[in-house]
Trainee: 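Have a look at this one.
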Protein chains: 2
Amino acid sequence: MSMLAISKSTIATQIVEELRRRIIKGEYRAGMKLQQEQIAQELGVSRSPVREALRQLEAEGLVILISQKGAEVAPISASEVAEMFEIRLQLEPHLLALAIPQMTAADLSEAARLIALMETSDVGNWGMLNWDLHRTLYSPAERPTILRMLERVHQNIDRYLRMEITRYDGRATAKAEHQTLVSLCRAGQVERAVSLLRMHILNATAHLPEMAKPDNGGTS
Amino acid sequence: MSMLAISKSTIATQIVEELRRRIIKGEYRAGMKLQQEQIAQELGVSRSPVREALRQLEAEGLVILISQKGAEVAPISASEVAEMFEIRLQLEPHLLALAIPQMTAADLSEAARLIALMETSDVGNWGMLNWDLHRTLYSPAERPTILRMLERVHQNIDRYLRMEITRYDGRATAKAEHQTLVSLCRAGQVERAVSLLRMHILNATAHLPEMAKPDNGGTS
DNA sequence: CCGCCGTCGAATGTATGAAAGTTTCTATGC
DNA sequence: GCATAGAAACTTTCATACATTCGACGGCGG
């Protein structure tokens with residue numbers, strides 16, 4: 001009855017996780033063709049679970065399936081990423097405002113821990129840790145569905161940033177903003193925390209290729 | 001060169017569309033078990049494309065797959081629906097504000113056409129037409145990614161409403177609001193249209209079971 | 001020399017078969 | 001009579017075999 005590591009469930013699921021990791025980490029570049037037979041051989045399985053995995057990844061937006069032609073890693077355009085930042089800008093401040101009154105000491109120390117971790121961790125994990133931090137801050141709002149949606153958004157943004165040559169390193173700025181943000185949360189300063197979060201998200205868009213930048217939606 | 005009804009390419013894709021339709025229309029009730037063999041026989045195909053379809057529907061949130069146990073139609077809780085209304089409330093007014101300056105006469109007449117259509121159409125199609133209308137209004141904003149996300153949200157809300165006994169019929173109210181909304185868009189009254197849209201979305205939540213109702217996120 | 005067409009090859013899509021796990025029903029022991 | 005162990009039937013899961021489609025290559029004709 002140990003059951004320490006959760007049973008890996010099905011092969012198809014494992015393939016999904018492995019391929020998703022490779023795509024997000026940039027090991028599979030956007031536009032790269034994904035051949036079922038080759039993937040199957042490399043992983044030592046048959047094509048059936050590979051096909052199922054590709055279907056699932058398509059629904060997640062990481063892969064494009066063209067009938068009778070095969071699968072390729074979905075490209076992300078700068079404009080898509082700009083839209084994803086818009087989504088963040090509309091949803092995350094809302095969640096933070098709901099979360100702050102519900103935050104516990106444990107939430108705040110977990111946030112602090114993640115901020116510290118982000119400094120020492122290598123750049124390859126920064127995006128994931130960044131989402132871990134944001135999720136920690138929004139989690140007390142008790143909005144699991146919205147969080148799942150945002151997780152996918154962050155995933156795609158992370159992938160795009162990894163892809164881009166720009167690789168402007170905003171980590172120093174981000175760290176300062178994160179620290180201030182957590183302080184404001186600890187102090188229960190909802191308004192100021194929300195404002196800072198808006199600026200924090202906008203700052204992250206500042207170095208995207210010049211495209212439609214999100215505006216504040218007229219909510220003054 | 002007739003090619004009237006395009007063969008939708010692959011069988012798996014057709015199965016996805018058929019099963020999605022059945023789930024959204026409520027023909028398959030939440031929690032219902034979906035057996036591969038039975039579905040395959042009924043549709044006259046083999047299990048392979050059925051399995052792929054179920055995988056995709058799982059990623060869309062309409063189906064739950066439990067390893068070694070099978071698939072069932074995903075339940076929707078009232079709180080999930082409440083979250084989806086929150087998402088609408090945060091994103092749709094933003095899109096509308098962006099869209100209004102870009103609207104053409106064609107957009108507005110299409111909206112009017114859909115409003116008329118909603119009156120005569122039977123209740124089974126109301127939800128889909130409602131989304132068609134809203135999408136028409138947001139489409140000039142040129143935010144395809146956000147629209148895709150909202151489409152899924154509307155899909156799930158529609159499914160929930162169909163499921164519920166409550167079936168409060170807000171269509172009359174909705175129609176009046178829709179008409180006023182289009183008028184404000186035509187007049188270029190961004191602020192007032194956005195306000196009305198917020199109220200319109202909130203009104204739709206008014207008859208959900210008493211749960212955490214969305215608030216305005218503190219953006220006064 | 002250019003362009004069209006038919007054949008061949010490779011990868012995808014679908015069906016079927018075999019193995020593993022789950023559920024159910026029965027029969028047995030207490 | 002009830003609980004439980006065990007076997008049978010069923011379902012899922014993965015692998016393999018078959019069918020189909022797309023693209024490339026080369027020959028043939030203009």
Side-chain angles (χ1 to χ4, degrees), chain A residues 1-20 22-23 28-75, chain B residues 1-20 22-23 28-75:
Chain A
M1 270 300 188
S2 63
M3 206 60 137
L4 33 127
I6 25 127
S7 69
K8 279 102 154 276
S9 64
T10 159
I11 290 186
T13 302
Q14 292 174 273
I15 297 176
V16 167
E17 286 166 6
E18 177 60 17
L19 293 183
R20 181 164 45 210
R22 292 183 184 182
I23 292 173
Y28 286 169
R29 304 296 292 268
M32 173 177 167
K33 196 153 186 241
L34 299 175
Q35 280 194 135
Q36 302 167 7
E37 181 65 37
Q38 179 213 313
I39 295 171
Q41 280 190 8
E42 179 191 335
L43 301 181
V45 297
S46 82
R47 278 171 43 212
S48 313
V50 173
R51 286 181 58 81
E52 293 177 21
L54 290 174
R55 274 268 168 194
Q56 176 164 342
L57 291 169
E58 191 209 18
E60 290 181 19
L62 295 176
V63 158
I64 290 182
L65 286 179
I66 304 167
S67 56
Q68 312 294 350
K69 289 195 57 175
E72 51 188 60
V73 177
Chain B
M1 269 302 185
S2 62
M3 204 65 135
L4 31 129
I6 25 132
S7 73
K8 276 109 160 252
S9 62
T10 161
I11 290 184
T13 303
Q14 293 175 279
I15 297 176
V16 167
E17 288 165 5
E18 176 61 16
L19 292 183
R20 181 164 45 212
R22 291 185 185 181
I23 293 173
Y28 286 170
R29 303 295 293 268
M32 173 177 167
K33 192 146 190 254
L34 299 175
Q35 281 192 152
Q36 301 166 8
E37 179 67 35
Q38 179 214 315
I39 294 171
Q41 279 190 7
E42 178 190 335
L43 301 180
V45 297
S46 78
R47 302 189 306 272
S48 315
V50 173
R51 285 182 60 80
E52 293 178 20
L54 290 174
R55 274 269 168 196
Q56 176 164 343
L57 291 170
E58 190 208 19
E60 291 181 19
L62 294 177
V63 158
I64 289 182
L65 287 178
I66 305 165
S67 58
Q68 313 293 350
K69 290 196 55 179
E72 51 188 60
V73 177

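The sequence lines fix the lettering, A, B, ..., with proteins before strands; numbering per chain opens at 1. Everything numeric here is computed off the predicted structure, so don't read it as measured data.
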Trainee: In whole angstrom, give the distance that lies between atom CD of B:E37 and atom P of C:dA15.
Mentor: 12 Å
Trainee: Give a yes/no answer on whether the side chain of A:T10 brings an N or O atom under 4.0 Å of OP1 or OP2 in D:dC14.
Mentor: yes
Trainee: Taking only side-chain N and O atoms of A:K33, does any of them lie within less than 4.0 angstrom of OP1 or OP2 on C:dA11?
Mentor: no
Trainee: Of the candidate nucleotides C:dT12, D:dC14, D:dT12, which contains the atom at the shortest distance from the side chain of A:A12?
Mentor: D:dC14
Trainee: Between A:I66 and B:S9, is any pair of side-chain heavy atoms under 4.5 Å apart?
Mentor: no
Trainee: Give the rounded distance in Å between these two atoms: CD1 of A:I66 and C1' of C:dA11.
Mentor: 14 Å
Trainee: Within this structure, what is the CD-to-P distance between A:Q36 and D:dC14, rounded to whole angstrom?
Mentor: 16 Å
Trainee: Evaluate the side chain to side chain contact (heavy atoms under 4.5 Å, CB included) criterion for residues B:R20 and B:L57: first the C-alpha distance (whole Å), next the side-chain angles of each, then the deciding distance (0.1 Å), finally the verdict.
Mentor: CA-CA 7 Å; B:R20 181 164 45 212; B:L57 291 170; 4.0 Å; yes
Trainee: CD of A:E72 versus C1' of D:dC22: gap in Å, rounded?
Mentor: 15 Å
Trainee: What's B:Q68 touching, base or sugar-phosphate or nothing? Going by heavy atoms closer than 4.0 Å.
Mentor: sugar-phosphate
Trainee: Between B:Q35 and B:R55, which residue's closest nucleotide on DNA chain D lies nearer the 5′ terminus?
Mentor: B:Q35
Trainee: How far apart are the C-alpha atoms of A:V73 and A:R29, what are their side-chain angles, what is the distance that settles it, and do they pass the side chain to side chain contact (heavy atoms under 4.5 Å, CB included) test?
Mentor: CA-CA 7 Å; A:V73 177; A:R29 304 296 292 268; over 6 Å; no
Trainee: Within the 3.5 Å criterion, strictly below it, is a donor on B:Q36 or B:R47 matched to an acceptor on the partner's side chain?
Mentor: no
Trainee: Find the distance B:L54:CG to D:dC14:P and express it as a whole number of Å.
Mentor: 14 Å
Trainee: So, is B:Q38 close to the D:dC10 phosphate, meaning a side-chain N or O under 4.0 Å from OP1 or OP2?
Mentor: no
Trainee: Should A:Q56 and A:E52 be marked as a side chain to side chain donor-acceptor pair (under 3.5 Å) after you check the CA-CA gap, both sets of side-chain angles, and the distance that decides it?
Mentor: CA-CA 6 Å; A:Q56 176 164 342; A:E52 293 177 21; over 6 Å; no
Trainee: Would B:T13 and A:R55 count as a side chain to side chain contact (heavy atoms under 4.5 Å, CB included) if you check the C-alpha gap in whole Å, the side-chain angles of each, and the deciding distance to 0.1 Å?
Mentor: CA-CA 10 Å; B:T13 303; A:R55 274 268 168 194; 3.3 Å; yes
Trainee: So which protein nitrogen or oxygen atoms get under 3.5 Å of nucleotides 15-17 of chain D's nitrogens or oxygens?
Mentor:
{"residue": "D:dA15", "atom": "OP2", "partner": "A:S46", "partner atom": "N", "Å": "2.7"}
{"residue": "D:dA15", "atom": "OP2", "partner": "A:S46", "partner atom": "OG", "Å": "2.8"}
{"residue": "D:dA15", "atom": "N7", "partner": "A:S48", "partner atom": "OG", "Å": "2.8"}

Trainee: Whole angstroms only, please: what is the CD-P distance between B:E52 and D:dT12?
Mentor: 16 Å
Trainee: Could you tell me the separation between the NZ atom of B:K69 and the P atom of D:dC10, rounded to a whole number of Å?
Mentor: 19 Å
Trainee: Using a cut-off of 4.0 Å on non-hydrogen atoms, how would the nucleic acid contact of B:L34 be classed: base, sugar-phosphate, or nothing?
Mentor: sugar-phosphate
Trainee: To the nearest angstrom, how far is B:R51 atom CZ from C:dA15 atom P?
Mentor: 14 Å
Trainee: Report yes if the side chains of A:L62 and A:L19 come closer than 4.5 Å at any heavy-atom pair, otherwise no.
Mentor: no
